[in-house]
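This report concerns only the one structure given below.
Note that the coordinates shown come from a computational prediction; the quantities given were computed from them, not determined experimentally.
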Amino acid sequence: MKHILLVLLFATSSLTFSQVPEKSDDSQPNTFPVRGFCIAAPQTKDLDAFIKFIDEELAPRSVNTLILRVDYNYQYESHPELRDSIALSKADVRKLVAICRKNNIRIIPQVNLLGHQSWAGKTGNLLRVYPQFDETPQVKMPEKYEWPNPDGLYCKSYCPLNPDIHRVVFDLVDEICDVFETDAFHAGMDEVFYIGEAQCPLCSGRDKAEVRTIHDHLALKGRKLWIWGDRLLDGKTTGLGEWEASYNNTYRAIDMIPKDVMICDWHYDRPDQTPVYFAMKGLSVMTCPWRNAGNAVLQVQDMVKFRKSAASEMKDHYQGMVQTIWSSAGKFLDNYYGRKPENSDNSPDSQIVCFKALFGEIKKLEGTK
């Protein structure tokens, strides 16, 4: 039943959205519809520096999509109890919207839904304020987090069958989409280890088809859902493992979710060619590297190859590339502008080198300067 639960998180009316993916410019055959950058939304103190980065670094690289991981870094009016202690104001967000509009960059805000409701030993705002939403309340947060652990705790999840959860979630989604003036929303949904747990009184023994969820709600206002793709891949059969793919049968949902869900397909250690799998299932997909520049270059080349060799019906399911940044915006900017070294552990892996290599390769293949 776990795969049924996951598919209902994505479910929507098939009549709400066109199932045609974003179209590329056929006059430039190597151009990607999506040339994206994903990062945590900046703190207020870093806002001006981040706006400068958008204007002077993202725009010249022809970045046209900015995924901002907002979560609770916004002064929500619908649920002020969920705000971070320091959070972006509506005026701050308007500055981000304005600079992106100036540079023809589409903003897609993200709030982690379902999973990632905790990190290490800290519970996130949603379950801290509403502990009744916890999928696994019997699993207590440790004073010192270690992996592996007897509870299989990576990150907490909320229970999507709780009768009150979506009243809160819908409010957050509506408000953040409205303030960012966007037609798409990124729900995260990666690395979900707790789902449909037998110990949950609401999930255990229940037909998960009784629930309607987040994608239905987005559809009401003509908004598309973006998600990370890892839970739709079979980790055992492919050898991708439990982090980049699923060990708890959620991968079966790939044949049931609507075809207009946009997939952000991340692989950081190897340039696995899973975009072909998503595209052949009728889903639009972007490849998302992190800090391995060599892999990122290969992934750009693969995406060009996929688009060139695909039938016309398939071509635009291969949407392009999204560089992911997994540090705070402030830390990234300090690293980028040389105020602090990026890797204190002398690791050769670099988000900054990967970012520059990725968009350098895109420009090279597009034949632009």
Problem set entry | Residues Arg223 and Asp178 bridged, charged N to O under 4.0 Å | yes
For this session: Look at Lys224 together with Asp183 and state whether they make a salt bridge at an N to O cut-off of under 4.0 Å.
Result: no
Donor-acceptor pair, distance only, cut-off 3.5 Å: does the side chain of [X] make one with the backbone of [Y]?
X	Y	value
Arg106	Thr65	no
Thr182	Ile108	no
Lys156	Thr136	yes
Thr250	Arg231	yes
Asn73	Ala41	yes
Glu342	Gln351	yes
Tyr145	Leu153	yes
Asn64	Arg35	yes
Asp84	Ile86	no

For this session: List the atom of Ser157, the atom of Asp134, and the distance in Å for their closest heavy-atom pair.
Result: O-OD1, 3.6 Å
Seminar exercise, completed: Heavy-atom closest pair (Phe180 atom, Pro109 atom, distance to 0.1 Å) is CD1-CB, 4.0 Å
Contact between [X] and [Y] at the side-chain level, heavy atoms closer than 4.5 Å - yes or no?
X	Y	answer
Arg291	Ser350	no
His166	Pro160	yes
Val70	Val93	no
Lys308	Val304	yes
Leu232	Arg252	no
Trp243	Tyr268	no

Exercise. Name the one of Gln273, Glu244, Gln299 that satisfies side-chain hydrogen bond (donor to acceptor under 3.5 Å, both in side chains) with His267?
Worked result: Glu244
On the 0 to 90° scale, with breaks at 30° and 60°, tag the [X]-[Y] ring pair as parallel, tilted or perpendicular.
X	Y	value
Tyr154	Trp147	perpendicular
Phe355	Phe37	perpendicular
Trp226	His186	tilted

Exercise. Could you walk me through whether Ile254 and Tyr277 pass the side-chain contact (heavy atoms from CB on, under 4.5 Å) check?
Worked result: CA-CA 10 Å; Ile254 196 169; Tyr277 178 67; 3.3 Å; yes
Problem set entry | ring pair (Phe, Tyr, Trp, His ring centres under 6.0 Å) assessment of Tyr130 paired with Tyr158 | CA-CA 10 Å; Tyr130 297 105; Tyr158 65 67; over 10 Å; no
Exercise. If you measure from CG on Asn125 to CG on Asn112, what distance do you get to the nearest 0.5 Å?
Worked result: 12.0 Å
For this session: Is it possible for you to check whether Lys305 lies under 6.0 Å from the centre of the six-membered ring of Tyr318, through NZ or CZ, and within 45° of that ring's axis?
Result: no
Problem set entry | ILVMFWY cluster, Trp290 and Val34 together (side-chain gap under 4.5 Å) | no
Problem set entry | Flag if over 12 foreign heavy atoms under 6.0 Å of CG, Asp269 | no
